[in-house]
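Remarks on the structure that follows.
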Amino acid sequence: MAAQVSAQIAADAQVAASQFAAEGLGHAFVLRKPLAKGKSRSGTLAAAYLMFRDDVDDGEALRRIRTARPFVSPNRGFLEQLATHGPELRFAGREEKLP
């Protein structure tokens with residue numbers, strides 16, 4: 001069950017990241033970087049997705065991910081980006097949910 005949830009979060013995060021980047025850049029593209037080990041990059045994408053979807057901070061998002069995948073460990077640069085862009089992600093998620 002945890003593996004299915006984790007896989008779904010990673011897949012959803014890739015789609016959300018692609019959409020976010022495409023909207024920001026004005027270009028459509030697909031993420032092609034393999035996220036095989038799921039330790040840093042995909043964990044960061046999953047955290048960003050949870051921050052957007054559930055309006056949680058970076059610490060809470062990572063805590064949720066680590067319950068299913070304890071080895072997730074975004075590198076320092078990714079952690080800084082989550083902290084920097086977290087408020088923007090959370091605000092965008094709230095805006096999308098408004099009627």
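- Residues A47 and A61 share a closest heavy-atom pair of O-CB, 3.6 Å.
- Side-chain atoms of R90 come within 3.5 Å of backbone atoms of D55 as a donor-acceptor pair (strictly under, hydrogens ignored).
- Listed here is the closest heavy atom pair of R66 and V72: NE-O, 3.0 Å.
- We find the CD-CZ distance between E88 and F52 to be 11.0 Å, quoted to the nearest 0.5 Å.
- Partners of R64 according to the side chain to side chain contact (heavy atoms under 4.5 Å, CB included) rule, which considers only residues two or more places apart in sequence or in another chain, are L50, D54, V56, E60.
- Nearest heavy-atom pair, T44 versus S40, reported as atom, atom and distance to 0.1 Å: OG1-O, 2.8 Å.
- To the nearest 0.5 Å, atom CG of residue L45 and atom CZ of residue R41 are 8.5 Å apart.
- Listed here is the closest heavy atom pair of L62 and P74: CD2-CG, 3.8 Å.
- Side-chain contact between D57 and M51 is absent, with no heavy-atom pair separated by less than 4.5 Å.
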Which atom pairs, one a donor and one an acceptor, fall under 3.5 Å between side chains of residues 75-83 and the rest of the protein, sequence neighbours left out?
unit_1 : atom_1 : unit_2 : atom_2 : d
N75    : OD1    : G77    : N      : 3.0
N75    : OD1    : F78    : N      : 2.8

